[in-house]
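Below is one structure; the comments refer to it alone.
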2 protein chains.
Amino acid sequence: MKKNSLDYTSIIAAARGDEPADLVLAGARIVNVFSGEMVEGDIAVKNGLIIGIGPYEGLQRIELDGKIVVPGFIDPHLHIESSMTAVSEFARTVAVRGTTTVVADPHEIANVLGAEGISYMLASAQNQPIDIYFSLSSCVPATDMETAGAHLPAEALAPLIDDENIVALAEMMNFPGVVAADPDVIQKIEMARRAKKPIDGHAPGLSGMQLNAYVAAGISSDHECTTAAEAREKLAAGMHIMVRESTGAKNLEVLLPMISARNSRRMMWCTDDRHPHDLIEEGHIDYIVRRAIGAGLDPIMAIQLATINPAEFFGLHDTGAVAPGRKAHLVVLSDLEKLRIDKVFSHGRLVAENGSIRSEIPRPAAVAVPPSMHVDPEELRFDIPVAGTRIRVIDIVPDQIVTRQSVTQPLISNGLAVSDPDRDLLKIAVVERHTGSGRSGIGFVRGLGLKSGALASSVAHDSHNIIVVGTNDLDMHTAVKAVVDAGGGLAVARDGKILNALALPIAGLMSDQPVQSVRRSLDNLTAAARDRGVTLKDPFMTLSFLALPVIPSLKITDRGLVDVDRFDFVPLFVE
Amino acid sequence: MKKNSLDYTSIIAAARGDEPADLVLAGARIVNVFSGEMVEGDIAVKNGLIIGIGPYEGLQRIELDGKIVVPGFIDPHLHIESSMTAVSEFARTVAVRGTTTVVADPHEIANVLGAEGISYMLASAQNQPIDIYFSLSSCVPATDMETAGAHLPAEALAPLIDDENIVALAEMMNFPGVVAADPDVIQKIEMARRAKKPIDGHAPGLSGMQLNAYVAAGISSDHECTTAAEAREKLAAGMHIMVRESTGAKNLEVLLPMISARNSRRMMWCTDDRHPHDLIEEGHIDYIVRRAIGAGLDPIMAIQLATINPAEFFGLHDTGAVAPGRKAHLVVLSDLEKLRIDKVFSHGRLVAENGSIRSEIPRPAAVAVPPSMHVDPEELRFDIPVAGTRIRVIDIVPDQIVTRQSVTQPLISNGLAVSDPDRDLLKIAVVERHTGSGRSGIGFVRGLGLKSGALASSVAHDSHNIIVVGTNDLDMHTAVKAVVDAGGGLAVARDGKILNALALPIAGLMSDQPVQSVRRSLDNLTAAARDRGVTLKDPFMTLSFLALPVIPSLKITDRGLVDVDRFDFVPLFVE
């Protein structure tokens with residue numbers, strides 16, 4: 001449903017009233033995002049476009065009886081991979097929530113499959129019930145401290161930047177590289193500027209002259225503000241601010257007070273990463289709008305942040321408003337304040353009603369995805385020969401992605417350092433899965449609480465190697481083998497058997513099953529981990545960040561332990 | 001001064017503080033158009049770009065002592081030809097007024113010289129003290145009721161639309177053609193959409209379904225609103241509204257009350273057509289901002305309409321704000337409320353101070369312009385053999401561009417209808433000057449008051465043939481000959497002699513002299529006309545619209561009298 005047949009003659013004839021409209025939504029109370037006012041009228045649609053508000057005749061007429069109509073919601077920055085579902089399932093899930101346009105950064109799959117992963121996402125986005133645009137992942141791999149599935153320098157991105165469905169250069173998280181004017185980074189920025197596409201930012205805490213340098217380079221948005229002061233400074237420097245409310249990072253409450261009539265045109269909502277549970281229980285952009293209105297933000301302003309603001313930011317002048325010539329992406333509400341969604345139209349077609357996707361909406365055939373698990377489980381060894389008396393330990397901080405580091409004596413058995421569940425000191429390994437190297441980084445972690453068995457996952461930011469933690473090597477092997485055999489996924493093993501698993505055959509990141517089923521599997525996996533003694537709220541999410549060597553303080557990659565504070569590898573044994 | 005050398009490495013290094021800035025404007029109070037607030041700080045400039053606000057060191061430092069700095073003003077729609085001066089003189093005239101960016105529609109010169117005229121303007125715009133962008137004239141000729149110097153269908157415009165200095169398709173005044181989905185019009189619209197450039201509108205009074213059709217076709221702005229209700233309707237339909245305050249059409253006062261915090265992001269100021277007198281006495285965009293603030297509009301909002309709003313409309317993301325990475329187009333004010341302009345910086349260079357252009361600012365060499373007067377004055381005949389008893393007369397309405405029509409008996413002499421100054425019934429002719437056809441349309445006009453002599457002008461909208469009115473054929477000949485001999489211009493003749501003249505050798509539209517001298521010449525011409533009995537305030541301006549066959553009611557072109565109400569030619573003799 002991406003392309004409208006732009007038969008101007010017919011659209012113009014219908015708009016001036018000389019041809020019937022395809023559809024008239026009669027008796028609507030419409031949020032006009034330009035005037036900031038509510039207007040009453042009949043909305044006419046032809047060939048998937050709004051032709052106008054007025055006394056139109058239509059082949060089909062739906063009486064809205066004063067219900068509210070707002071433009072379909074736009075998410076300007078998210079990673080579909082975080083939904084852990086395929087593009088088609090994600091599209092249906094958020095369409096129900098009134099989202100009709102997203103700009104997705106395929107950063108995760110690009111780290112696994114490179115440009116082929118981006119192409120897979122572009123192909124999968126065709127003929128979905130919503131419009132899926134992409135931003136071009138700018139930082140693959142995120143660091144050189146780990147082995148990713150791909151390396152995308154400027155030359156690798158160049159063939160993609162002019163794709164009409166790529167509307168931006170994605171979050172430039174290598175902000176030190178921008179501020180240092182790193183040549184490859186500059187080349188990417190110049191490429192996006194030549195293509196006249198905005199460059200999304202990602203610069204947590206950047207301030208002062210460093211921020212000036214980042215903005216002067218051409219970065220024009222940021223979704224990492226965690227204080228109102230940070231958002232104010234970035235906005236004043238010319239950045240568009242995306243207020244993020246993701247599963248892992250919730251910034252709405254702290255940023256709401258800085259949104260005013262004077263600056264709101266520079267503000268948007270975004271979801272960044274939302275897991276199945278949140279998508280199902282809370283929702284998508286609708287959830288943020290609802291929360292914002294509930295907290296006292298002017299409802300029309302809250303709608304503007306979800307519609308015309310992101311449309312203008314990306315130059316998507318054919319969406320984001322209920323106005324002539326724009327795509328008929330329309331959300332019918334039975335209550336504006338509570339944002340009760342009654343119906344969702346995409347390209348003038350009713351795609352969702354009463355919280356369900358319409359049964360006639362087709363699910364496009366799945367696009368083939370290359371295999372991504374290049375591991376021979378038989379070759380893996382998790383032995384740690386003793387090479388000293390004390391070891392570095394990754395200390396988990398519950399519900400946070402930062403860790404601490406400490407030093408302790410390992411439990412020794414047969415000349416090997418082994419897991420010691422009594423002290424909650426468990427072996428952790430990151431198994432390289434992209435190149436078939438057979439390489440693993442091995443260390444110790446504390447804070448999971450696992451008493452028996454092992455957990456393994458192929459979702460491990462940002463390179464998404466296989467991360468595994470266990471009380472013994474057999475279960476670690478078993479769990480990793482299950483993940484590899486499923487083509488990627490999550491697993492809990494004990495006594496050499498798989499207790500629970502979720503296959504993620506799409507790049508080891510996404511399921512091919514319905515979101516409800518993915519959510520149930522995740523719940524079951526968490527329950528199985530809890531049964532084994534795990535005390536964390538979301539152990540697989542915690543695991544997924546233990547391999548991310550840009551977040552302090554001690555992390556582990558396939559190449560070993562990384563002291564993030566010193567940004568260097570460190571040996572497991574201290575002395 | 002159009003291109004900045006974009007040495008990112010150096011700009012970024014200076015922004016982060018590792019290289020000195022070229023210039024620091026210290027102690028500024030800055031209007032931040034993003035936050036809508038005033039901030040205090042030092043503005044640093046490098047390579048013509050703002051690198052940031054902060055504690056920067058610079059090779060040059062100017063203490064502003066708390067003076068106000070606002071972004072340079074942007075005029076989103078004007079015709080440089082109306083200044084009657086060359087591009088370089090226009091640029092200097094408005095630079096002094098704080099205008100650092102204009103989007104000019106070369107509609108007048110395009111009607112004379114076609115694509116060659118547009119290329120002349122593009123070439124002339126290089127290396128001027130302000131940034132001059134263009135919109136591509138969409139309606140040349142304006143009608144087929146007259147002979148223009150060029151015909152620019154979609155195919156003729158196609159080679160120009162991707163020019164980087166062409167940022168829009170210009171005012172689509174053929175709104176009936178849009179609403180009727182005329183194929184050539186649609187082709188032009190599709191061309192602009194493919195090039196991702198906005199399409200300026202021009203649709204006085206268009207409303208309802210007709211307006212919906214116009215907007216659905218992709219027209220995204222309008223500068224012809226003459227009532228607040230009209231502006232409200234167009235804005236609600238998705239158009240950006242340009243509030244125009246030109247020499248001939250003043251819409252500010254009536255539109256000011258509809259501008260609010262809710263809708264102001266969709267509003268801009270524009271000048272459209274400003275004659276030398278107004279540019280000198282009142283000013284340019286600064287005049288509108290000053291008037292708006294004086295009438296009670298929030299000063300920061302008034303500045304936004306003059307800066308960030310037009311920048312965003314055209315996607316000119318490198319200007320319109322005092323922020324890192326943007327061109328250092330800066331206006332220093334000694335008073336915000338009164339908009340007293342102290343200094344003007346363009347690309348970080350001081351170009352004007354205390355109302356004068358800086359002496360070191362070079363005037364680029366003039367670009368050669370082709371001749372445009374294809375007339376042999378010796379061949380002209382203004383005889384009107386009697387062909388009936390009563391004639392149609394164009395009745396001037398003082399200070400308006402509409403006319404009325406009436407019927408009367410002509411004065412007869414030797415079998416010819418001749419001027420009759422006693423009844424203020426004068427011969428008027430439009431001499432075709434583009435093709436050398438020797439054709440003239442001849443008729444009678446009433447309302448000038450001319451008692452002796454003749455006035456002639458090569459400024460005659462929109463085809464700019466030579467319009468001449470006189471009490472006798474000799475003086476009509478003399479005046480036309482003077483205009484032709486000067487390569488275009490204005491002239492007043494009596495008794496076979498030229499009393500006063502202004503040469504407009506650039507396409508018969510623009511002088512190559514300073515604006516002050518042009519203004520004096522115009523004043524002298526008006527005085528000479530007044531001395532001959534003319535009662536109109538601005539007789540040459542009135543003359544210039546008598547040949548425009550899209551404004552009611554009776555007009556004259558080189559092809560004859562046009563009854564605009566019936567949109568057809570009519571004979572001079574009624575019976």
Side-chain angles (χ1 to χ4, degrees), chain A residues 6 8-17 32 34-37 39 44 46 49-56 178-181 183 186 189-190 196 198 208-218 220 232 235-239 260-263 265-266 300 312 315 317 321 323-326, chain B residues 6 8-17 32 34-37 39 44 46 49-56 178-181 183 186 189-190 196 198 208-218 220 232 235-239 260-263 265-266 300 312 315 317 321 323-326:
Chain A
L6 282 179
Y8 280 97
T9 307
S10 182
I11 289 164
I12 292 170
R16 70 173 183 255
N32 188 303
F34 304 122
S35 67
E37 297 170 344
V39 295
K46 177 89 177 181
L49 297 184
I50 298 160
I51 51 174
I53 298 167
Y56 286 96
V178 176
V179 173
I186 296 302
I189 288 173
E190 288 185 332
K196 295 186 188 298
M209 287 175 166
Q210 302 271 309
L211 177 64
N212 288 346
Y214 189 67
V215 177
S220 54
R232 280 203 187 91
L235 182 138
M239 301 187 103
S260 74
R262 282 189 171 257
N263 66 24
R265 65 197 274 188
R266 310 288 293 184
I300 293 181
E312 290 193 338
H317 298 301
R326 307 223 173 204
Chain B
L6 282 180
Y8 280 98
T9 307
S10 181
I11 290 164
I12 292 169
R16 71 172 183 258
N32 187 302
F34 304 124
S35 67
E37 296 169 344
V39 295
K46 177 89 176 179
L49 297 183
I50 298 161
I51 51 174
I53 298 167
Y56 286 95
V178 176
V179 174
I186 296 301
I189 289 173
E190 288 185 333
K196 295 189 188 300
M209 287 175 167
Q210 302 271 310
L211 177 63
N212 287 346
Y214 189 67
V215 177
S220 54
R232 281 202 186 91
L235 183 138
M239 300 186 106
S260 73
R262 283 189 171 257
N263 66 23
R265 65 196 274 188
R266 310 289 290 183
I300 293 183
E312 290 193 336
H317 298 301
R326 307 220 174 206

What's the spacing between [X] [atom1] and [Y] [atom2] if we round to 0.5 Å?
X        : Y        : atom1 : atom2 : result
A:Ser220 : B:His317 : OG    : NE2   : 7.5 Å
B:Met209 : A:Arg16  : CE    : CZ    : 11.5 Å
B:Asn212 : A:Ile50  : CG    : CD1   : 10.5 Å
B:Ile300 : A:Arg262 : CD1   : CZ    : 5.0 Å

Review point. Relative to chain B, which segment of A:Arg326 carries a heavy atom at a distance below 4.5 Å: side chain, backbone, both, or neither?
Key: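 Side chain only.
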
Review point. Under a 4.5 Å heavy-atom cut-off, does chain B meet the side chain of A:Leu211, its backbone, both or neither?
Key: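 Contact with chain B is absent: no heavy atom of A:Leu211 under 4.5 Å.
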
Practice item. Output the option from B:Ala216, B:Gly36, B:Ser260 having the highest count of non-hydrogen pairs under 4.5 Å with chain A. Key: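 The answer is B:Ala216.
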
**Study point:** Which of A:Pro55, A:Ala44, A:Pro198, A:Ala261 touches chain B most, by non-hydrogen pairs under 4.5 Å
**Key:**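 Among A:Pro55, A:Ala44, A:Pro198, A:Ala261, the one with the most close pairs to chain B is A:Pro55.
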
Check your understanding: If you count heavy-atom pairs under 4.5 Å with chain B, which of A:Ala217, A:Gly315, A:Gly17, A:Gly54 comes out on top?
Key ->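 Greatest number of close heavy-atom pairs with chain B: A:Ala217.
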
Heavy-atom closest contact ([X] atom, [Y] atom, distance):
X        : Y        : result
A:Asn263 : B:Ser35  : CB-CA, 4.2 Å
A:Ala237 : B:Pro324 : O-CD, 3.3 Å
B:Tyr8   : A:Ile186 : CB-CG2, 4.0 Å
A:Ala15  : B:Ala213 : CB-CA, 3.4 Å
A:Val179 : B:Ile12  : O-CG2, 3.2 Å

Check your understanding: Taking NZ, NE, NH1 and NH2 as the nitrogens, is one of them in B:Arg266 or A:Glu312 under 4.0 Å from a carboxylate oxygen of the other?
Key ->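 Yes, this pair counts.
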
**Study point:** Any donor-acceptor pair under 3.5 Å from B:Asn32 side chain to A:Ala236 backbone
**Key:**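 It does hold such a pair.
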
Check your understanding: Between B:Ala321 and chain A, which part of the residue has a heavy atom less than 4.5 Å away: side chain, backbone, both or neither?
Key ->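 Contact with chain A involves no heavy atom of B:Ala321 at all.
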
Exercise for review: Examine whether an atom of B:Tyr56 lies under 4.5 Å from a heavy atom of chain A, and if so say whether it belongs to the side chain, the backbone or both; otherwise answer neither.
Suggested key: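 Looking at B:Tyr56, backbone and side chain both touch chain A.
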
Exercise for review: Applying side chain to side chain donor-acceptor pair (under 3.5 Å), name anything that partners A:Ser10, two or more places apart in sequence or on another chain.
Suggested key: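 Here the qualifying residues are A:Glu19.
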
